[in-house]
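Let me begin by presenting the structure, written as structure tokens, before commenting on it.
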Amino acid sequence: MTMMRLLFIFALAIFTIDNVSGQEKRSDMAKFTLVIHGGAGTILKKNMTAEKELAYRDKLKEALSAGYGILSKGGSSIDAVEAAIIIMEDSPLFNAGKGAVFTSEGKNEMDASIMDGKTLEAGSVAMVNTIKNPISAARAVMEQSPHVMMVGEGAVKFAKEQNLEIVDSSYFYDEKRYQQWQDFKGSIGTQMDHSDERADNTTEQINAEFNEPVDEKFGTVGAVAIDVNGNIAAGTSTGGMTNKMYGRVGDSPIIGAGTYANNKTCGVSSTGHGEYFMRAVVAYDISAIMEHKGVSLQEAADEVIHNKLIKLGGSGGIISVDSEGNFALTFNTEGMYRGSIREDGVPSVSIYKD
Ligand code: ASP
């Protein structure tokens with residue numbers, strides 16, 4: 001046997017061993033996973049009617065099913081994330097798209113972002129008021145523009161050029177949200193509190209501050225998925241926070257705070273008091289902790305949500321999927337509208353701290 005032949009056989013053996021172990025590892029993993037959220041906050045069973053709870057559960061299942069329909073046919077995680085978010089944006093139950101909360105000036109101004117974990121490409125829009133589905137505009141910014149973030153009138157102009165559906169701003173008006181804003185203004189005033197005194201707050205104190213039904217403050221929606229090709233995507237869409245000041249933009253359209261995805265580690269979508277999520281760079285930090293410390297997704301999520309964020313005084317949660325299809329739905333509030341689905345097609349939906 002010539003030296004060349006020996007080398008060839010050796011190389012073939014190495015390739016085969018590698019390939020086999022790769023396949024074995026892949027078969028242990030979930031083929032695909034989709035997780036969603038519809039906001040975190042003081043969601044208590046005693047404040048919920050049976051009809052309202054059913055409506056939330058049904059809408060979360062519908063969003064999961066939209067994403068599942070794509071992933072189960074071998075579709076991409078980006079498509080699944082967008083489809084799941086559109087279902088929630090179109091529902092007045094959530095603070096995103098139709099049903100967005102009111103600003104201090106009585107308007108609905110929306111933010112959204114999306115990220116592709118394979119390419120690390122990302123897109124976002126902020127302060128848009130006539131784009132029916134802000135998540136699709138964020139995706140168009142990612143795929144059809146040289147930019148990552150577009151805001152206000154420019155973002156709307158771009159969405160029109162991309163033939164996305166534009167609606168009159170009155171489309172976003174929801175009577176229930178309007179009443180919530182009126183009640184909110186009367187009872188509490190603005191939630192924009194940057195006081196340093198909050199630094200030592202406990203979870204209980206933070207929850208007490210937000211002692212109102214969640215949909216008066218939060219209710220952002222988000223989705224994270226890994227597809228059969230191992231590509232992770234994450235997206236988030238919101239109306240922001242009730243009574244937010246003119247010009248205020250939260251964490252949801254900020255890549256690294258509200259949304260992040262990296263095939264090497266995980267995808268994350270955040271919900272909660274955005275000012276704290278921006279300062280804690282929540283979504284990226286979970287990925288970075290996994291990458292640099294080599295810990296599991298759940299450990300990284302716990303560190304950021306139950307330690308770092310709490311110390312700053314921030315409340316809220318995240319949904320996240322790692323590169324093996326494991327997921328973490330982690331929050332430091334009383335509840336978070338959330339759900340998951342995998343290749344068996346059985347949706348799991350939860351609301352309260354179980
Ligand atoms: N994070 C959003 C914001 O601060 C609010 C939310 O999650 O409901 O704009």
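Counting starts at 1 for both ligands and their atoms, following the listed order. Because the structure is a prediction, the values reported are computed rather than measured.
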Carboxylate-amine/guanidinium contact Asp90 Lys59, below 4.0 Å: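 Salt bridge absent between Asp90 and Lys59.
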Presence of salt bridge, Lys293 and Glu303, under 4.0 angstrom: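 Result for this pair is no, no salt bridge flagged.
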Run the numbers for me: atoms of ligand 1, each under 4.0 Å from some heavy atom of [X], listed by number.
X: Gly240; result: 5 (C), 9 (O)
X: Thr271; result: 6 (C), 7 (O), 8 (O)
X: Gly219; result: 8 (O)
X: Ser252; result: 1 (N), 2 (C)

Asn231-Asn263 side chain donor-acceptor pair, cut-off 3.5 Å: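 Present: a donor and an acceptor within the cut-off.
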Between Glu291 and Thr265, a side-chain donor and acceptor under 3.5 Å: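 The answer is no; no qualifying pair exists.
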Ring centre gap for Tyr68 and Phe32 strictly below 6.0 Å: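 Yes, the ring of Tyr68 comes within the 6.0 Å limit of the ring of Phe32, centre to centre.
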Proximal candidate to atom 9 (O) of ligand 1 [heavy atom criterion; set Arg248, Met241, Lys244, His273]: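 The nearest heavy atom belongs to Arg248.
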Min N/O separation Gly250 to ligand 1 under 3.5 Å: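 In this structure, Gly250 places no N or O atom under 3.5 Å from an N or O of ligand 1.
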N/O separation below 3.5 Å, Asp251 to ligand 1: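 Yes: some nitrogen or oxygen of Asp251 is under 3.5 Å from one in ligand 1.
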Exam field: side chain Asn129 to backbone Glu109, donor-acceptor pair closer than 3.5 Å: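 Not a single qualifying donor-acceptor pair exists.
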